[in-house]
Trainee: 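Once you've had a glance at the structure underneath, I'll fire off some questions.
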Amino acid sequence: MSAFASTWLALREPADRAARDQALLSAAASHANSVANPLIVDLGCGTGSTLRTLSPLVPAASWRLVDNDPALLAEAKRRAANDAVETAEADLRDVAATPLAGARLVTASALFDLASREMVAALAERLAAEGTGFYAALSYDGTARWSKTHPLDIAVVAAFNRHQRGDKGLGPALGPGAGAELATAFGQRGFDVRSAESPWTLGPDDADLQAAFVEGMASAVSQTEMLEPEDVETWLAARLASVSTGRCVIGHLDILALPKG
Ligand SMILES: C[S@@+](CC[C@H](N)C(=O)[O-])C[C@H]1O[C@@H](n2cnc3c(N)ncnc32)[C@H](O)[C@@H]1O
């Protein structure tokens, strides 16, 4: 399943919603609510997960959802069914051309581990110049732990993290380094930066998500050729066999960067 497939995004949305740090989510909403009729621009919106999570806390906001996938944008628009939500097709690699003008708050979720250092620097520079707040949730932080350990876990996670740093369409990806890079880039440009862990804690009730996640990991690890194919198969079979009984914790970081004053 592609990382951008709407089935995958639907599967992960409840876990993402439960994982988001509530204090940062509330603080992001407060920042938006401190002006009348704020505009919130969500980058790499997919089908609108951040809109659905944050919009109840910012009832007066209007939203611009940005993605380069017209099918996901159409799905986001259909599910929003709200005049206060517009969509914009744009390639986020071109930060200067990204339609951010007038935003009180720029948001994203599960996006910045795909982004490059250059993109983060350009975005931080632009948002500093425009005095715009920034809330990026759920950047994968490189940690994955299971209640039932397997001898290949460490090697698999290391290979997966290597794969996470490959180009996913936004330049050489920051992967597990995204959270730290965002905090540094926005901090250096004068923002007040807060970060908080937002791990998925998955159990047997999340067996489908656990299975899809380890299948995605195995596929990524195979592409690195860091492990023997039989070892990847062995690991995946063991992991799939325990999704209905075991638990896992997949680490993420949320970042909130607000202009000072
Ligand atoms: C992992 S998904 C996250 C989607 C959504 N934010 C969520 O949390 O469900 C990453 C999103 O970034 C979008 N994306 C990836 N590369 C992009 C690019 N170069 N320009 C615009 N959007 C891009 C994908 O289409 C996808 O919707």
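Whatever order the structure lists them in is the order used to number ligands and atoms, beginning at 1. Remember, predicted model here, so these are calculated numbers, not experimental data.
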Trainee: Could you go through Asp113 and Ser139, starting from their C-alpha distance and side-chain angles, then the distance that decides it, and tell me whether this counts as side chain to side chain donor-acceptor pair (under 3.5 Å)?
Mentor: CA-CA 5 Å; Asp113 38 33; Ser139 299; 5.0 Å; no
Trainee: Taking the minimum heavy-atom distance to atom 1 (C) of ligand 1, which of Ala110, Ser109, Ala137, Gly171 ranks first?
Mentor: Ala110
Trainee: Below 4.0 Å, non-hydrogen atoms only: which portion of Asp91 touches ligand 1? Side chain, backbone, both or neither.
Mentor: both
Trainee: Minimum distance, heavy atoms only, to atom 24 (C) of ligand 1: which one of Leu51, Asp113, Asp94, Asp67 is it?
Mentor: Asp67
Trainee: What protein heavy atom lies closest to atom 14 (N) of ligand 1? Include the residue and the distance to one decimal.
Mentor: Asn68 OD1, 3.7 Å
Trainee: Which ligand 1 atoms, with their elements, are less than 4.0 angstrom from a heavy-atom of Gly169?
Mentor: 19 (N)
Trainee: Within a radius of less than 6.0 Å around CZ of Arg189, do more than 12 heavy atoms belonging to other residues, nucleotides or ligands occur?
Mentor: yes
Trainee: Apply ring pair (Phe, Tyr, Trp, His ring centres under 6.0 Å) to the pair Phe191 and Phe134, showing each step before the final yes or no.
Mentor: CA-CA 9 Å; Phe191 286 79; Phe134 176 70; 7.9 Å; no
Trainee: Check Arg239 with Glu215, please: is the shortest side-chain N to carboxylate O separation under 4.0 Å?
Mentor: no
Trainee: Would you say Arg126's side chain and Val95's backbone share a donor-acceptor pair under 3.5 angstrom?
Mentor: yes
Trainee: Within the structure, is a non-hydrogen atom of Ala108 found at a distance of less than 4.0 Å from ligand 1?
Mentor: no
Trainee: Does CD belonging to Gln223 count more than 12 external heavy atoms closer than 6.0 Å?
Mentor: yes
Trainee: Would you say Arg12 and ligand 1 have an N/O pair spaced under 3.5 Å apart?
Mentor: no
Trainee: Cut-off 3.5 Å, side chains only: do Asp42 and Thr107 have a donor facing an acceptor?
Mentor: yes
Trainee: Taking 4.0 angstrom as the limit and counting only heavy atoms of Leu170, give me the atoms of ligand 1 inside it, by number and element.
Mentor: 16 (N), 18 (C), 19 (N)
Trainee: Quick one: do Arg247 and Asp206 make a salt bridge, cutoff under 4.0 Å?
Mentor: no
Trainee: May I ask you to decide if the ring planes of Tyr140 and His252 are parallel, tilted or perpendicular, using 30° and 60° as cut-offs?
Mentor: perpendicular
Trainee: Determine whether any heavy atom of Thr50 lies closer than 4.0 Å to an atom of ligand 1.
Mentor: no
Trainee: Closer than 4.0 Å to some heavy atom of Leu111 - which atoms of ligand 1 meet that?
Mentor: 12 (O)
Trainee: List ligand 1 atoms under 4.0 Å from Leu72, heavy atoms only on the residue side.
Mentor: 25 (O), 27 (O)
Trainee: Verify the neighbour count for atom CZ of Arg117: are there more than 12 heavy atoms of other residues, nucleotides or ligands below 6.0 Å?
Mentor: no
Trainee: With a sphere of 6.0 Å drawn around CG of Asp83, does it hold more than 12 non-hydrogen atoms of other residues, nucleotides or ligands?
Mentor: no
Trainee: Give the numbers and elements of all ligand 1 atoms closer than 4.0 Å to a heavy atom of Ala90.
Mentor: 20 (N), 21 (C)
Trainee: Suppose I only count heavy atoms of Ser49 and a 4.0 Å limit; which atoms of ligand 1 are within that range?
Mentor: 7 (C), 8 (O), 9 (O)
Trainee: Compute the shortest N/O to N/O distance between Arg93 and ligand 1 and return yes if it is under 3.5 Å, no if not.
Mentor: no
Trainee: Quick check on contacts: which atoms of ligand 1 are under 4.0 angstrom from a heavy atom of Cys45?
Mentor: 5 (C), 6 (N)
Trainee: Would you say ligand 1 has an N or O under 3.5 Å from any N or O of Leu92?
Mentor: yes
Trainee: Heavy atom to atom 11 (C) of ligand 1, shortest distance: which of Ser6, Gly44, Ala10 holds it?
Mentor: Gly44
